[in-house]
Amino acid sequence: MIELEKDYDPRKVEDKWLARWLENRAYHSDAGSGGKPYTIVIPPPNVTGILHMGHALNNTIQDILVRRRRMQGFNTVWLPGTDHAGIATQNVVERSLATEKKTRNDLGREAFIGRVWEWKEQYGGTIINQLKKLGASCDWERERFTMDPGLSDAVTEAFVHLYGKGLIYRGSRIINWCPRCQTALSDEESEHRDSAGKLYHIRYPVKGGATGEYVVVATTRPETMLGDTAVAVSPDDPRYKDLVGKTLILPILNREIQVVADSFVDPAFGTGAVKVTPAHDPNDFEMASRHGLKHINILTPDAKMNAEAGPYAGLDRFACRKQLVADLEAAGLLEKIADHNHAVGHCYRCNTVVEPRLSPQWFVKMKPLAAPAIEAVKQEKIVFVPDRWTKVYLDWMENIRDWCISRQIWWGHRIPVFYCSACNHEWAAKGAPSRCPKCGDAGIRQDEDVLDTWFSSWLWPFSTFGWPEKSKDLSFYYPTDDLVTASEIIFFWVARMIMAGYEFMGDLPFRRVYIHGTVRDDKGRKMSKSLGNSIDPLAIINEFSADALRFSLTMLTATGQDVYVSNEKFTLGRNFGTKLWNAARYLQMQTKDSPAMVSAGIPSAEGLAVLLRDGIALSPDDQHILYLLRDAIAACDDNLDKCRFNDAAHVLYEFVWHQFCDWYVEYSKSVLYEAQQDRREHVLRVMHFVFSNVLRLLHPFMPFMTEELWLAMGYGVEGGTISAAPWPTLPDNATLAGYGVNKATVAYVDDKYDLIRVGRALRSDYTIQPSRKIAYIVKPVSPQCADALRADMESVLQLLRAEKVDIVPEFQPAKAMPSGVNKLGTIFMPLDGLIDVQAETARLTRQREKVEAELAKVDAKLANQAFMSKAPKDVVAQLQQRRSEVLEQVGKYDRQIQALV
RNA sequence: GGGCGGUUAGCUCAAUUGGCAGAGCGCCAGCUUUACACGCUGGAUGUUACAGGUUCAAGUCCUGUACCGCCCACCA
């Protein structure tokens with residue numbers, strides 16, 4: 001044993017263990033080196049990221065899963081890494097360039113990418129180090145980065161494969177364009193946000209019509225009219241029947257445009273006439289292809305008006321909107337401006353309003369990839385926890401649209417497509433070809449675009465294990481077991497990984513997806529930098545400890561529900577840690593003279609048998625705590641199996657604090673302080689046995705403190721680790737009985753504790769100083785109870801803090817005496833004339849009223865014939881049992897009140 | 001517009017399959033009880049959002065309403 005300091009110093013202990021774990025390669029796994037595999041791949045945080053509460057929760061959950069499996073003997077690997085986060089990282093580096101008054105164009109592509117790598121080398125390890133501080137038991141030797149050579153190779157392989165199958169194509173489509181990042185975004189990367197906009201009603205004069213003959217169109221983006229090539233109306237709209245086919249004059253530009261009929265148009269919305277801007281609206285684009293309309297792009301990449309915008313060329317889109325509206329108004333062509341709330345797309349990286357824009361981009365055909373991924377989930381080969389996400393996933397998958405994978409940025413995997421300038425041949429290839437495979441010309445160039453970051457992430461579960469090589473790791477660790485992530489990322493990542501798994505590996509990427517809630521502030525708002533309401537997990541680690549952070553988060557997060565946190569909430573985990581620490585200290589102090597007793601805490605095949613070495617029978621309290629320990633292990637396992645992490649933590653919290661500390665340790669004091677040596681040692685054994693189990697059960701939740709205590713208590717050896725200790729299992733009921741744990745005794749102890757509570761309440765009601773030892777009298781309900789209590793008197797005295805407790809079966813108090821009723825009997829507190837008759841009458845009357853109310857309730861139920869005939873027997877029996885108890889108590893109170901007057 | 005989640009003690013949340021509504025924090029009273037005041041003992045606190053329904057029995061199942069939140073969506 002290593003003596004524990006009075007105060008736990010988490011900074012010292014956590015730093016120490018962190019260093020040792022890394023040094024000892026404590027969490028390294030080798031393929032095939034014993035044990036069935038258990039695999040988790042981390043959702044790779046952005047390399048630009050810093051640890052926030054969402055990460056803390058996400059990784060704590062993964063660590064709980066992984067640490068438990070490791071202790072259960074699985075060959076466990078938790079693979080860490082980071083994501084190159086194309087746009088986000090490029091933005092970060094561009095910002096730092098901006099401080100030097102430079103742009104990426106000043107550097108050129110190659111030099112800029114060099115800068116990004118420099119940045120990555122310098123700051124990219126931040127979040128990994130923060131994960132280590134959290135206690136994440138990743139196999140750090142396996143850390144991967146989505147841009148490292150192996151993964152880049154996987155990306156090219158995947159691209160070439162899909163290209164070869166015709167599942168990747170290039171086409172001009174309306175895509176979401178971020179004018180600030182100057183790149184296309186996928187549909188998922190454009191976040192729709194409700195905003196209070198305007199609906200502008202604009203008059204388009206009819207060519208050759210009378211003065212004042214207009215078609216009025218409604219639009220939220222008036223500046224796009226500069227790109228209009230038609231106006232569409234519903235074919236069934238009587239108002240416009242005669243207009244179809246006619247020509248309108250586009251105001252300002254005086255472009256002649258046709259009126260076309262298209263069933264897309266909803267006659268009930270706006271004016272029933274829609275301006276058609278094929279180059280800046282996906283629906284209009286569709287309409288244009290149906291009617292053979294021209295596309296006129298009016299925007300530059302940074303969302304300024306281009307030459308097509310005539311007088312507005314050069315203006316920013318919003319400035320143009322303002323000017324155009326003013327000009328229309330001056331020309332009498334603005335009918336009205338109505339308020340209109342609608343959702344506007346924003347760039348998920350920089351929050352700029354995205355602009356739908358016609359642009360040549362690369363796409364992946366998703367429908368064929370989706371089919372097996374839908375099947376897998378429908379057949380429950382892959383399950384979502386909580387189950388409701390299954391529907392969200394399936395809805396999205398069944399309506400999946402092609403994925404825009406090209407980005408006009410520099411940081412990322414360059415699209416491996418090459419063009420021959422001699423023969424215009426286009427092909428995809430791995431490596432760096434030097435000649436056109438078709439004509440042999442050396443004049444070739446590679447596509448300028450890079451791939452969407454998620455194009456590398458979707459390969460993560462197998463690219464990290466060496467794919468496309470058929471590595472030993474890959475065959476051993478794949479498919480992975482659990483994926484733990486947040487709901488935001490189901491479409492971005494989870495769904496795509498499932499598709500990639502089937503497409504490239506021919507097998508599912510993971511068996512279970514646990515979706516946890518979002519961490520919010522105490523007002524329910526998402527934590528964000530701009531709101532300034534973030535709680536920094538590292539600040540919590542510094543103020544409390546990593547264990548406290550983890551345990552608190554786990555306790556507070558109901559399965560799949562959002563969690564609201566504030567600084568004070570982390571005292572929960574801190575206080576629990578302190579409790580555990582002090583329990584350990586107490587145990588150590590008591591064990592000083594009997595060091596051998598520690599052996600009961602050392603996991604061994606003997607298990608409980610070690611307790612019985614001296615042939616001493618287990619006391620009722622011993623039996624009780626062992627029984628509850630068994631229950632706690634069972635409940636903890638069950639909850640962890642079901643991803644009910646908060647319930648699992650709660651079971652342990654309750655067991656450790658209230659069962660072990662408040663009752664068992666308190667009981668043990670009488671034995672430890674007063675009993676003879678062999679009984680002392682016996683109790684110490686039970687305590688070490690239980691405590692050792694507790695430490696192991698808690699290890700996944702609070703790895704640092706449990707590791708420290710494991711060594712300090714002497715359950716482990718110097719240089720060892722609790723993660724190598726076996727996960728607790730306890731014998732079933734029958735075996736437990738074989739060790740002398742008797743279920744009836746356990747039930748008796750529950751009743752005994754209840755009796756003690758009644759006795760304590762008496763003392764409290766009469767404000768008797770705790771230091772004053774009371775002599776109680778118990779009138780037992782039966783001779784068996786009397787025997788049990790007599791045999792168990794040491795425990796009763798200790799827990800009741802009583803001087804003595806007389807068991808008097810025939811006790812009839814001669815005078816009024818405070819008392820309380822319990823299953824085992826009535827407990828009296830003789831006070832030697834101190835009783836205040838009035839106060840006591842009031843107290844008893846109050847208590848009687850309570851019991852009587854319950855009696856009335858129970859009686860009403862029992863009188864209900866329908867209930868009696870239809871309710872199951874055990875429910876009725878339970879109620880009848882309760883009735884007799886309550887009835888008896890009412891009678892007791894009556895008699896006591898009687899005695900007072 | 002479609003979908004999902006939530007509404008339970010002062011606060012934050014639990015409550016597997018319908019079967020005596022719980023915990024933490026806070027609150028009240030008492031405590032230098034020799035591990036722990038980050039503690040111990042005792043205590044108070046509920047029209048389970050609302051309105052109906054099913055059932056012997058509803059926080060739990062069904063129908064509807066209100067409010068809060070999230071996700072998806074091509075009504076310009």
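Note that the structure is a prediction, hence the values are computed from the model and not measured.
- The base-pairing partner of B:A57, taking Watson-Crick or G-U wobble contacts with both distances under 3.5 Å, does not exist among the strands shown.
- Only the C1' atoms considered, B:C67 is 31 Å distant from B:C74, to the nearest whole Å.
- Backbone-only engagement by A:Arg585 is indicated by non-hydrogen atom pairs under 4.0 Å involving sugar-phosphate atoms exclusively.
- If you check every strand for non-hydrogen atoms under 4.0 Å, A:Glu654 touches nothing.
- Checking B:U32 for Watson-Crick or G-U wobble geometry (two distances, each under 3.5 Å) identifies no partner in any strand.
- When both distances must be under 3.5 Å, the Watson-Crick or G-U wobble mate of B:U63 is B:A51.
- Spacing of C1' atoms, B:A9 relative to B:G26, comes out at 11 Å, to the nearest Å.
- Only the P atoms considered, B:G69 is 33 Å distant from B:A21, to the nearest whole Å.
- The closest side-chain donor-acceptor pair between A:Thr591 and A:Gln588, if any, does not fall under 3.5 angstrom.
- No engagement by A:Val276 is indicated, since no non-hydrogen atom pair under 4.0 Å with the nucleic acid exists.
- When both pairing distances are held under 3.5 Å, B:U12 makes a Watson-Crick or G-U pair with B:A23.
- With hydrogens and angles ignored, no donor-acceptor pair under 3.5 angstrom links the side chain of A:Arg760 to the base of B:U41.
- Residue A:Ala343 is in base contact, counting any heavy-atom pair closer than 4.0 Å across all strands shown.
- Looking at heavy-atom distances under 4.0 Å, A:His280 makes no contact with the nucleic acid at all.
- For the side-chain contact (heavy atoms from CB on, under 4.5 Å) test with A:Leu879, the passing option among A:Leu862, A:Asp859, A:Asp874 is A:Leu862; the others fail.
- If you check every strand for non-hydrogen atoms under 4.0 Å, A:Asp266 touches a base.
- Using a 4.0 Å heavy-atom criterion, one finds that A:Pro872 contacts the bases of the nucleic acid, with or without backbone contacts as well.
- Figure legend. B:C4 is base-paired to B:G69; pairs are counted as Watson-Crick or G-U wobble with both atom distances under 3.5 Å.
- Contact check, A:Lys579 against B:C40: a side-chain N or O comes under 4.0 Å of OP1 or OP2.
- Environment of CD in A:Glu803: crowded, with over 12 heavy atoms of neighbouring residues, nucleotides or ligands closer than 6.0 Å.
- A:Arg757 comes within contact range of the sugar-phosphate backbone alone, with a heavy-atom separation under 4.0 Å but no base atom that close.
- Classified by interplanar angle (parallel below 30°, tilted 30° to 60°, perpendicular above 60°), the ring pair A:Phe576/A:Trp657 is parallel.
- Of the residues near RNA chain B, A:Lys870 and A:Leu587, the one whose nearest nucleotide (by heavy atom distance) lies more toward the 5' end is A:Leu587.
- Aromatic rings from A:Tyr664 and A:His658 are positioned such that their centres are separated by 6.0 Å or more.
- At a threshold of 4.0 angstrom between heavy atoms, the contacts of A:Gln588 with the nucleic acid are absent.
- At a threshold of 4.0 angstrom between heavy atoms, the contacts of A:Asn399 with the nucleic acid are absent.
- Minimum atom distance to the side chain of A:Phe491 is reached by B:C71, of the listed B:C71, B:A76, B:C56.
- A:Ser764 comes within 4.0 angstrom of sugar-phosphate atoms only, judged by non-hydrogen atoms across all strands, and of no base.
- Contacts of A:Phe576 with the nucleic acid, taken as non-hydrogen atoms under 4.0 Å apart, are absent.
- The A:His342 side chain lies nearest to B:A76 when the options are B:A76, B:G24, B:A35.
- Listed candidates were B:A76, B:A23, B:G19. Nearest to the side chain of A:Val875 is B:G19.
- Looking at heavy-atom distances under 4.0 Å, A:Arg401 makes contact with sugar-phosphate atoms alone, never a base.
- The aromatic rings of A:His650 and A:Tyr653 lie parallel to each other, with less than 30° between the two planes, well short of the 60° mark.
- Side-chain N/O atoms of A:Trp657 include none lying less than 4.0 angstrom from OP1 or OP2 on B:A35.
- Within the nucleic acid shown, A:His340 comes within 4.0 Å of sugar-phosphate atoms alone, with no base atom in reach, counting heavy atoms only.
- Atom NE2 in A:His295 sits 4.5 Å away from atom CZ in A:Phe285 (nearest 0.5 Å).
- Distance CG/A:Asp187 to NE2/A:His192: 8.0 Å, rounded to 0.5 Å.
- Nearest nucleotide to the side chain of A:Lys391, out of B:C38, B:G3, B:U41: B:G3.
- OP1 or OP2 of B:A35 has at least one side-chain nitrogen or oxygen of A:Lys669 nearer than 4.0 Å.
- Each of B:A35, B:C56, B:U12 was ranked by its minimum atom distance to the side chain of A:Lys569; first place goes to B:U12.
- Remark: the A:Arg388 side chain and the B:C4 base include no donor-acceptor N/O pair separated by less than 3.5 Å.
- Nearest-nucleotide positions on RNA chain B place A:Arg801 closer to the 5' end than the other of A:Arg801 and A:Met868.
- Shown here, B:U45 forms no base pair; nothing in the strands shown gives a Watson-Crick or G-U wobble contact with both key distances under 3.5 Å.
- Put simply, A:Arg644 has a side-chain N or O that comes within less than 4.0 Å of OP1 or OP2 on B:A15.
- OP1 or OP2 of B:A35 has at least one side-chain nitrogen or oxygen of A:Tyr673 nearer than 4.0 Å.
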